[in-house]
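Letters A, B, ... are given to chains in the order of the sequence lines, protein chains preceding strands, and every chain is numbered from 1. This one's a predicted model, so the numbers in the text were calculated from it and none came from an experiment.
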Number of protein chains: 2
Amino acid sequence: MKKGPLETLITGVDTRTSHSQVVDVLGRAIISGEFPVGTILPGDQDLAMRFKVSRTVLREAMKTLAAKGLIVPRARIGTRVTARNQWNLFDSDILTWHFHNGIDEDFLTHISEVRMAFEPHAAALAAIHATEAEISHMMRLAVAMGDPAHTPESLAVADLRFHLAVAEASANPFMRSVGSLIEAALVGIFKLSSPAADREGIEDVSRNHIRIVEQISRRDEAGARAAMEVVIRVGRARVRVAMDDVPQTVAG
Amino acid sequence: MKKGPLETLITGVDTRTSHSQVVDVLGRAIISGEFPVGTILPGDQDLAMRFKVSRTVLREAMKTLAAKGLIVPRARIGTRVTARNQWNLFDSDILTWHFHNGIDEDFLTHISEVRMAFEPHAAALAAIHATEAEISHMMRLAVAMGDPAHTPESLAVADLRFHLAVAEASANPFMRSVGSLIEAALVGIFKLSSPAADREGIEDVSRNHIRIVEQISRRDEAGARAAMEVVIRVGRARVRVAMDDVPQTVAG
DNA sequence: AAAATCATATCATATGACAATATCGGTGTC
DNA sequence: GACACCGATATTGTCATATGATATGATTTT
């Protein structure tokens, strides 16, 4: 099973193959602006030497980045860093790399906006399409979030599982594809402040999530949408407060 | 400038490099289920021979597909086709490949649902953040859609430009990333039936789009959201009608 | 001055070899 | 007979080198 940004950030970066290492370093360098948008990055030979890998490996890494829309190669010209609006921001790796520079409030705000657009809709669709099995599964996950023994990490994971389950229950494959975005948001929230800090916070979170399942179970589209909106709004508010406390960006 | 699915589908597939050809054929084969999910696809050597390319090129193509989440390689095991819910459906290529098998009503319905979740929100954000320059730009694009000389192709392109401009004006980079999705939707609609067929249709479309800009210009979030919802609903209805006329899938 | 040509730098492709890794099957022991 | 160990083996991962394709910019020609 592939590790998402959440597990990856917590357990440490995956450094199995030299290919993935190069991809990682180059990707982060581009995202961070070390290689600014529009510029040509060093040639194959040069980069291969810098990373101490063969040109083969370097080129495969470039193809990986190109596939995500970060760079575009042209013969004789070189390989250019593409404009930001061409990057596939829903790519799990790209999201992860964004957080390696530090946590940017604007970025988290943008993610919250997207979640606000997406997840209430997904909840409404789930109210239409969810099977009974899916509903009881979601309910179990929502209840599990209330376990007072949760650490910030385990709560974040439980949170993620729930939201992915809702996306799955919406029966729309695109909703599930937003999963990596949800992960990124939870990573950000998790690193800033966790409701697992106090028992009350945990109970609140769990209750709010249970409410979503109840609405879905009643097949109440509008109710499910509203309940989901509450959850996202709370998460966003938590980010805001935390950012005010720590106006500096937090190192990744 | 990179060609999106719309131009690509209209002008013909891009077959510059042998790399992109291999990526294209393999990608389509995977999406279409020719290589079913969960199965191991043939080894490097084998595939390289089939495509009559070197192993270098084949492997770079594999890295491209892996970067999009379609496959995952494991030493000694082989390269496995990943589960559908791990594919990055917002990737422009993956969307394009979906339409090469034929137009699937469910798929278009899912895209419409996502647009319905996304674009009204983007319009509302644009009502907050759009600059005067962006507003007049959007207005020009909306008006340009009313040109009675439009062919189905040119109308689809104008349509796309408008929706991308709105996404851009939302000042949220994620909204812009949904551009490839919008393209895919327009390709689908365009291939089924075009409002450019009659002058009335063109005027209708243009008027509806102008209304969006008017609401944005008035900084009316709710109004902009509602106006955008109308446009998407109309597009979806057109798909439904066309699908009823032609219940068979249409060859890509 | 404009157009055609050529040199050159960079990416694209090919080939052959070796290394790393994980399965599978055989071997031996209990 | 069951289980643990271990090596043969197949597949991806990495490397080094050579050649082709392509687009730029300087050079030459008209």
Side-chain angles (χ1 to χ4, degrees), chain A residues 1-3 13-27 29-30 35-82 86 93, chain B residues 1-3 13-27 29-30 35-82 86 93:
Chain A
M1 175 161 176
K2 191 194 169 193
K3 288 200 298 186
V13 175
D14 161 34
T15 59
R16 284 185 305 271
T17 70
S18 73
H19 167 85
S20 67
Q21 280 188 50
V22 174
V23 170
D24 230 66
V25 174
L26 261 181
I30 291 172
F35 295 116
V37 164
T39 61
I40 306 284
L41 37 85
D44 287 4
Q45 293 296 25
D46 188 346
L47 284 177
M49 275 200 292
R50 285 200 214 182
F51 286 109
K52 304 224 178 81
V53 296
S54 70
R55 194 161 158 259
T56 308
V57 168
L58 184 98
R59 281 184 56 79
E60 288 182 359
M62 300 279 252
K63 289 299 177 189
T64 298
L65 295 174
K68 296 176 186 299
L70 288 182
I71 58 181
V72 65
R74 288 188 53 191
R76 162 66 194 177
I77 304 301
T79 302
R80 188 185 302 275
V81 178
T82 57
Q86 305 228 346
D93 290 325
Chain B
M1 175 162 175
K2 191 194 170 196
K3 287 201 297 186
V13 176
D14 162 33
T15 58
R16 288 181 308 269
T17 69
S18 74
H19 167 86
S20 66
Q21 281 188 51
V22 173
V23 170
D24 231 66
V25 175
L26 261 181
I30 292 172
F35 295 115
V37 164
T39 61
I40 306 282
L41 36 85
D44 287 4
Q45 297 288 15
D46 187 346
L47 284 176
M49 275 200 293
R50 285 200 213 182
F51 287 108
K52 306 227 178 79
V53 296
S54 70
R55 187 161 166 251
T56 309
V57 169
L58 184 100
R59 280 183 56 80
E60 288 182 359
M62 302 279 253
K63 289 299 178 193
T64 297
L65 295 174
K68 296 175 186 300
L70 288 183
I71 57 181
V72 61
R74 289 187 54 189
R76 163 65 195 175
I77 303 301
T79 302
R80 188 184 303 276
V81 178
T82 57
Q86 305 226 348
D93 291 325

Q: Could you grab the distance from atom OG1 of A/Thr79 to atom CG of A/Leu65, nearest 0.5 Å is fine?
A: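 The CG atom of A/Leu65 is 10.0 Å from OG1 of A/Thr79, to the nearest 0.5 Å.
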Q. Hey, where does DNA chain C pair up into stems, meaning at least three consecutive Watson-Crick or G-U pairs with distances under 3.5 Å?
A.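 Stem segments, range with range: C:1-30 with D:1-30.
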Q: Mind calculating the distance between CG (B/Leu58) and C1' (C/dA12) to the nearest angstrom?
A: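 Rounding to the nearest Å, CG of B/Leu58 and C1' of C/dA12 are 15 Å apart.
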**Q.** Protein-nucleotide distance (B/Met49, atom CE; C/dT15, atom C1'), rounded to Å
**A.**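 Result: 14 Å.
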Run the salt bridge (charged side-chain N to carboxylate O under 4.0 Å, His left out) test against [X] and tell me which residues pass, sequence neighbours left out.
X       : value
A/Arg80 : none
B/Arg50 : B/Asp46
A/Lys63 : none

Q: List the atom of A/Ile71, the atom of A/Met62, and the distance in Å for their closest heavy-atom pair.
A: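 Minimum heavy-atom separation between A/Ile71 and A/Met62: CD1-O, 3.5 Å.
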Q | Nearest non-hydrogen partners of B/Val81 and B/Val37, listed with the distance | A |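 Distance-wise, the nearest heavy atoms are CG1-CA, 3.7 Å.
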Q. Can you name the residues that form a side-chain contact (heavy atoms from CB on, under 4.5 Å) with A/Arg74, not counting sequence neighbours?
A.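 Testing A/Arg74 for side-chain contact (heavy atoms from CB on, under 4.5 Å), a comparison that skips the adjacent residues, returns A/Ile77.
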Q) What string of B, S and - do you get for nucleotides 5-16 of chain D, 5' to 3', if B is base contact, S is sugar-phosphate-only contact and - is no contact with any protein heavy atom under 4.0 Å? A) ----BBBBBBBB
Q. Within the distance-only criterion (no hydrogens, no angle test), does the side chain of B/Thr82 pair as donor or acceptor with the backbone N or O of B/Leu70 below 3.5 angstrom?
A.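 Pair found, side chain donor or acceptor close to backbone of B/Leu70.
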